[in-house]
Every structure is written in structure tokens, then in C-alpha cells.
Number of protein chains: 2
Amino acid sequence: MKKRKDLNDAALEMIANRFKLLSEPTRLKILHTLGDREMNVSELVAATGANQANVSKHLGILYDAGVVTRRKDGLTVNYRVADETIFELCDVVCSRLKTHFDLRRLSLNQLLQDIDPAAE
Amino acid sequence: MKKRKDLNDAALEMIANRFKLLSEPTRLKILHTLGDREMNVSELVAATGANQANVSKHLGILYDAGVVTRRKDGLTVNYRVADETIFELCDVVCSRLKTHFDLRRLSLNQLLQDIDPAAE
DNA sequence: TTACTATATAACGATATAGTAGAATACTGT
DNA sequence: ACAGTATTCTACTATATCGTTATATAGTAA
């Protein structure tokens with residue numbers, strides 16, 4: 001009983017950690033810049049406009065979490081997204097945000113029409 | 001072009017904020033305790049074992065983000081999950097974690113068998 | 001070896017936020 | 001009005017982490 005509770009808490013913590021990975025704009029930008037391609041750090045720095053050390057740090061975090069793979073090739077290190085569910089998660093959030101905004105826009109239009117039915 | 005980049009950055013930030021909501025174990029616990037029911041703060045405090053002020057604070061955060069609705073009834077305040085995509089997101093993460101562990105278990109079994117084929 | 005490049009790491013300041021204790025608010029019943 | 005209860009709000013501490021600068025490491029080429 002206590003054990004089960006602990007297990008659940010541990011599971012919740014793992015799930016939370018997964019979400020925390022995606023809760024930073026810079027990391028999301030790196031992941032979406034990567035897409036399904038393989039890119040090295042310099043390319044990611046150029047594409048994202050972020051600081052090199054910062055990009056490297058975030059890539060390290062993503063690598064430790066198993067979200068990206070790393071392939072060393074001479075001087076450069078190539079990264080690639082290893083966990084496709086990342087994009088699935090982002091899609092769900094995007095859809096949700098979109099419908100949210102659509103609903104708000106509808107409400108706004110309704111409000112505007114209530115205020116001045118003649119206007120278009 | 002610059003405008004589009006800014007827009008994208010804004011979008012990424014909104015998505016990141018959405019994930020940040022789910023990146024705290026206590027909030028996840030509250031949401032999963034709620035499920036599809038309506039519960040008041042005291043019930044959530046009892047069910048989660050968290051501090052009352054803490055539960056209230058997290059509920060406020062979730063309310064501001066539109067994840068839960070709030071219905072006042074006399075002394076108590078009843079909360080309910082308003083954004084079902086939350087559970088969809090958690091499901092995706094859970095599946096991912098499960099397959100991850102399954103793969104690790106398979107690798108481990110393979111390793112054990114490689115070491116000692118006679119053992120079962 | 002020396003110079004150069006790509007990446008990772010260390011150390012630091014700034015910021016954000018979780019959790020908590022206590023005060024303040026809102027409602028109910030007497 | 002008064003007492004009691006449910007909830008929120010207000011500081012406050014502790015911790016985590018982002019971004020940055022400077023440095024270290026690893027590979028390449030001369």
C-alpha cells in the first residue's frame with residue numbers, strides 16, 4: 001500500500017521529468033530545427049541563434065535523457081532526434097493551443113458583433 | 001522574415017509553457033487524482049497528501065492556464081479538469097517510458113543469457 | 001610539436017519556482 | 001455580531017536552472 005503509493009509517485013516524477021525536458025523554448029527550438037535530419041553543433045548554433053555553450057549544454061541534457069543520439073565524426077558531433085514521440089507531444093499541444101485561440105477568436109467576433117451589429 | 005522568426009519563437013514559448021505546467025509531480029498528481037470527477041480542495045489535499053496551501057497554489061496555476069475549471073459552492077471550491085488533452089499527453093509519455101523499459105529489460109535478459117546460457 | 005577548429009565543461013550571476021507558515025478573505029450557522 | 005471552517009494570499013527560504021564567459025578537451029593539418 002505504501003509501496004504502491006511510492007511507485008506511483010516515482011512514475012509521476014518520471015513523467016514530470018519527461019515534460020520538463022520539453023518545457024524550455026531553446027530545447028524545443030533545437031529539437032524542431034533538428035527535425036528528422038542529422039545536424040552538428042555548429043549548424044544548430046547557426047540555425048537557432050543561441051550561444052554555442054548553451055546549445056551544447058541543452059544537447060547534453062537531451063542526450064542524457066535519450067531524446068537524441070550522438071555520432072562523432074572527426075571534429076564535429078552529429079545529433080539526431082531518437083524519440084519521435086517528442087513531435088507527437090508537440091502536435092497535441094499545438095492543436096490544443098490552436099482550438100483555444102480559435103474559440104477565443106469566435107468569442108471576440110461575437111462580442112464585436114454584439115457591440116456593433118452593422119460593422120463587418 | 002524576422003517577423004516570422006519572432007512568431008515562431010513566441011509559439012515555441014507558448015508550447016514550452018504548456019509543458020512546464022505538466023513538469024511538476026505535484027501538479028500531475030492533482031490532475032490524475034481529479035480524473036474526470038469534480039473535487040474540492042480539501043478532498044485533493046487528503047488524496048494527494050500535499051500541503052493545503054501548496055495544493056491551492058497549484059490549483060491556481062492550473063486554473064490560470066485554463067487546465068481546470070473552478071466552481072464555488074458555499075465554503076468549498078470544486079475543481080475539474082477542463083483540458084482533456086492533458087491525459088492524452090501523459091498517455092503518450094507513459095507509452096514511451098513503458099517501451100523504453102521493455103527494451104531495457106529485453107537487453108538485460110539478452111545480456112544475462114549471453115553470460116550464462118544455462119540459467120533461466 | 002604548434003596552431004587551429006569544434007565541442008564540452010566549469011563557474012558564476014540572475015531568475016524562477018516549489019514548498020511552507022501565517023495572515024487575510026469568504027462563507028455558514030448560531 | 002461571533003465563532004468556526006475552507007480557501008486564497010503574502011512573504012520567505014531553499015533549490016534548480018538558464019544563459020554566459022572563460023577554459024579544457026579532442027581532433028586535424030601544417
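A search for side chain to side chain contact (heavy atoms under 4.5 Å, CB included) contacts involving D91(A) returns nothing, not counting sequence neighbours. With sequence neighbours excluded, no residue satisfies ring-ring contact (aromatic ring centres under 6.0 Å, His included) with F101(B).
For the pair M39(A) CE and dA6(C) C1', the interatomic distance rounds to 15 Å; values are reported in whole Å. The interatomic distance linking L44(A) (CG) with dA8(C) (P) rounds to 10 Å, in whole Å. Between the CG atom of L22(A) and the C1' atom of dC18(D) there is a distance of 16 Å, rounded to whole Å. The CD1 atom of I61(A) sits 15 Å away from the C1' atom of dT7(C) (whole-angstrom rounding). The separation between R27(A) atom CZ and dG19(D) atom P is 8 Å, rounded to whole Å. In this structure, CG of D9(A) is placed 16 Å from C1' of dA18(C), rounded to the nearest angstrom. Atom OH in Y63(A) sits about 13 Å away from atom C1' in dA8(C), given to the nearest Å. As a whole-Å value, the separation of N40(A) CG from dT28(D) C1' is 15 Å.
None of I15(A), L89(A), L22(A) except one satisfies the side chain to side chain contact (heavy atoms under 4.5 Å, CB included) rule with L89(B); the exception is L89(A).
Where E43(A) and A50(B) each meet DNA chain C at their nearest nucleotide, the meeting point lying more 5' is that of E43(A).
E43(A) places a side-chain N or O within donor-acceptor distance of the main-chain N or O of N40(A), the cut-off being under 3.5 Å. S56(B) contributes no side-chain N or O that, together with a main-chain N or O of A53(B), makes up a donor-acceptor pair within less than 3.5 Å. A donor-acceptor pair is defined here as one N or O able to donate and one able to accept, closer than 3.5 Å; such a pair exists between the side chain of R18(A) and the backbone of A65(A).
Ionic pairing of D36(B) and R80(B) is not present here: no N-O contact between side-chain nitrogen and carboxylate oxygen is shorter than 4.0 angstrom.
Note: E38(B) CD to T76(B) OG1 = 8.5 Å, rounded to the nearest 0.5 Å.
The phosphate of dT7(D) (OP1 or OP2) has no side-chain N or O of R70(B) nearer than 4.0 angstrom.
You'll find the side chain of R71(A) stays beyond 4.5 Å of the side chain of V77(A), heavy atoms only. Counting only heavy atoms from C-beta outward, the side chains of N17(A) and E13(A) approach each other to under 4.5 Å.
Near DNA chain D, defined here as any heavy-atom distance below 4.0 Å, the residues from residues 73-81 of chain A are G74(A), L75(A), listed numerically. Residues from residues 53-60 of chain B placing a heavy atom under 4.0 Å of any atom in DNA chain D, listed by number, are A53(B), S56(B).
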Which pairs would a plain distance check flag for residues 57-64 of chain B, meaning a side-chain donor or acceptor within less than 3.5 Å of a matching protein atom at least two apart in sequence or in another chain?
unit_1: H58(B); atom_1: ND1; unit_2: R27(B); atom_2: NH1; d: 3.1
unit_1: H58(B); atom_1: NE2; unit_2: N54(B); atom_2: OD1; d: 3.4

According to the Watson-Crick and G-U wobble definition with distances under 3.5 Å, which dot-bracket string, read 5' to 3', encodes DNA chain D, using [ ] for crossing pairs and | for pairs with another strand? ||||||||||||||||||||||||||||||

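Placement of F87(B) and I30(B) within a single hydrophobic cluster is found when ILVMFWY residues are connected by side-chain heavy-atom separations under 4.5 Å, directly or transitively.
Comparing dA18(C), dT8(D), dC18(D) against the side chain of Q52(B) picks out dT8(D) as the nearest.
Within the nucleic acid shown, N51(B) comes within 4.0 Å of sugar-phosphate atoms alone, with no base atom in reach, counting heavy atoms only.
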